[in-house]
Amino acid sequence: MSRVLVIGAGGAGSVAVHKMAQCSDVFSHVTLASRRIHKCNEVAQSVKEKTGVGIDTAELDADDVKATVALINSVRPKVVVNLALPYQDLSIMDACLETGVHYLDTANYEPRDEARFEYSWQWAYQDRFKAAGLMAVLGSGFDPGVTSIFTGYTRKHLLDRIDTLDILDCNGGDHGLPFATNFNPEINLREITAPSRHWENGEWVVGPALAHKQAFDFEAVGPKNMYLMYHEELESLAKFYPEIKRIRFWMTFGDSYLKHLEVLQNVGMTRIDPVMFEGREIIPIQFLKALLPEPSSLGPLTKGKTNIGTIATGVKDGVQKTVYVLNICDHEAAFAETGNQAISYTTGVPAMIGAALIVTGQWQGAGVYNMEQLDPDPFMDMLNKQGLPWKVVDLPAPLSF
Ligand code: NDP
């Protein structure tokens with residue numbers, strides 16, 4: 001039984017602590033810290049109502065390494081689960097090194113002034129975590145996270161060699177609002193408006209953002225248009241699975257969402273550089289975030305399902321095969337259980353599972369790890385038990401696009 005500190009009281013953090021409270025045989029004591037204490041207290045109240053378990057809360061600016069070190073020293077957790085924003089990754093990793101505590105997150109570091117998320121900054125911590133005998137697990141959300149585990153599982157059990165990999169992310173949920181993002185708007189819009197990139201024959205193929213459209217019929221959702229885009233797990237999958245010749249990531253967007261996004265981009269509202277407004281600097285995308293609905297407010301409104309999975313082609317026992325590993329998650333069921341919609345649920349549950357595998361010693365190691373480097377079996381097992389059941393479908397033929 002272990003103590004755990006979760007940083008970030010947004011949608012993902014809220015789900016993670018609800019699930020940790022359900023697993024009190026693994027997590028003896030949960031502390032939730034975030035920038036604004038009232039958010040932590042709201043989550044703590046919901047956890048108490050839904051599970052009967054009391055958790056501690058604390059106010060913390062995780063950009064401040066000294067303050068984070070002090071909090072870790074007073075909480076004495078076995079692992080810190082970072083569910084704040086990607087901007088805080090390095091300062092929280094520094095605090096973990098200083099206090100001798102394992103680290104886990106769901107999104108790779110991104111500097112505030114440049115939409116350039118990549119693993120180089122966190123991979124640079126490899127030697128320090130190794131020397132300290134500590135484990136840093138990167139990207140334990142759904143994508144990255146479960147999709148990386150699905151790939152590891154495919155390679156371990158379903159195919160002897162993977163030739164191509166497509167990650168398909170479909171949110172079939174409808175919140176009835178004209179425009180909202182289902183996780184942090186600033187992070188979400190920076191990701192979506194970046195140029196598309198996929199891995200093919202040992203190099204990155206770059207294209208314009210959201211220009212390559214493909215229709216796909218998703219189980220439990222129906223036909224949707226999905227778009228080729230860059231996503232952070234492509235970088236680590238290309239590094240750790242050099243045998244895979246082509247890796248692509250696809251995400252669905254509705255026409256109305258794309259229309260709003262295009263207008264916001266055209267008028268400069270998604271810019272991340274400072275502009276002068278009435279004598280002071282503002283960053284347009286941060287102002288836009290203040291106008292958009294908080295993702296957590298979408299919980300009670302969202303109906304429908306998500307369907308996220310990996311389609312791999314390759315060879316098993318000398319025979320060419322195509323295998324699809326997927327999870328379907330229901331927004332309303334996620335809300336009933338944790339007070340958050342499925343996007344937060346599919347992020348927070350894997351974060352809890354990753355933390356559970358570290359504290360129970362099922363995942364061990366010293367250094368910085370991406371999810372696809374770790375044993376997928378105990379993780380796949382817990383997904384089935386913790387609300388994200390998956391299945392494997394043998395497809396009759398590879399994707400035709
Ligand atoms: P939210 O914006 O809902 O929550 C982020 C929380 O972090 C907020 O409560 C915020 O506080 C807090 N926070 C921000 N800055 C600081 C700081 N300096 N110190 C302490 N707390 C801080 O985001 P989500 O819950 O949707 O996402 C959390 C993380 O999960 C993000 O990194 C996101 O990129 C990642 N993610 C990963 C996915 C995956 O599948 N791998 C999918 C979706 C998200 P406040 O409320 O005061 O602003």
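Please read these numbers as outputs of a predicted model, since none were measured by experiment. Just so you know, ligand 1 is whichever comes first in the structure, and atom 1 is the first atom listed for that ligand.
Contact atoms of ligand 1 toward Asn184: 2 (O), 23 (O), 26 (O) (distance under 4.0 Å to a heavy atom of the residue). Heavy-atom proximity to Lys39, at under 4.0 Å, picks out these atoms of ligand 1: 46 (O). For ligand 1, the atoms sitting less than 4.0 Å from at least one non-hydrogen atom of Asp63 are 18 (N), numbered in the order shown with element in parentheses. Distances below 4.0 Å separate heavy atoms of Ile187 from the following atoms of ligand 1: 34 (O).
Neither the backbone nor the side chain of Ala33 has a heavy atom within less than 4.0 Å of ligand 1. At a 4.0 Å heavy-atom cut-off, ligand 1 touches Leu83 through the backbone alone. Residue contacts with ligand 1 for Glu294 are absent, since no atom lies close enough (heavy atoms, distance under 4.0 Å).
Here the shortest heavy-atom distance to atom 10 (C) of ligand 1, taken over Ser296, Gly10, Ser34, belongs to Ser34. The nearest non-hydrogen atom to atom 31 (C) of ligand 1, considering only Ser140, Ala84, Gly13, comes from Ala84. Nearest residue to atom 41 (N) of ligand 1 from Leu85, Thr106, Ile92 is Thr106 (criterion: closest heavy atom).
Here the side chain of Gln341 pairs a donor or acceptor atom with the backbone of Ile343 at under 3.5 angstrom. Side-chain atoms of Thr51 do not come within 3.5 Å of backbone N or O of Lys48 as any donor-acceptor pair. Panel note: side chain Thr302, backbone Leu298; a donor-acceptor pair is recorded below 3.5 Å. In terms of modelled atom types and a separation under 3.5 Å, the side chain of Asn171 and the main chain of Gly173 share a donor-acceptor contact. Of the possible donor and acceptor atoms, none in the side chain of His231 sits under 3.5 Å from a partner among the backbone N and O of Glu233. A side-chain donor-acceptor contact under 3.5 Å links Asn327 to the backbone of Pro389.
Checking only distances, Gly8 never comes within under 3.5 Å of ligand 1, N or O to N or O. Looking at Lys289 next to ligand 1, no N or O pair under 3.5 Å apart turns up. Taking distance alone, with nitrogen or oxygen atoms compared against 3.5 Å, Gly11 approaches ligand 1 more closely than that limit.
For atom 47 (O) of ligand 1, the closest non-hydrogen atom of the protein is Arg36 NE, 2.7 Å. In terms of protein heavy-atom proximity, atom 44 (C) of ligand 1 is nearest to Phe183 CD1, 3.6 Å. Looking at atom 19 (N) of ligand 1, its nearest protein heavy atom turns out to be Ala62 N, 2.8 Å. Of the protein's non-hydrogen atoms, the one nearest atom 43 (C) of ligand 1 is Thr347 OG1, 3.4 Å. Scanning the protein for heavy atoms near atom 18 (N) of ligand 1, the closest one is Asp61 OD1, 3.0 Å. The protein heavy atom nearest to atom 20 (C) of ligand 1 is Leu60 O, 3.1 Å. In terms of protein heavy-atom proximity, atom 25 (O) of ligand 1 is nearest to Ala12 N, 2.9 Å.
Pairs passing the salt bridge (Lys or Arg N to Asp or Glu O under 4.0 Å) check and including a residue from residues 6-22, sequence neighbours excluded, read Lys19-Glu337.
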*Dump the intermediate steps for side chain to side chain contact (heavy atoms under 4.5 Å, CB included) on Ser28 and Arg3, then the final yes or no.*
CA-CA 6 Å; Ser28 58; Arg3 301 165 70 84; 4.0 Å; yes
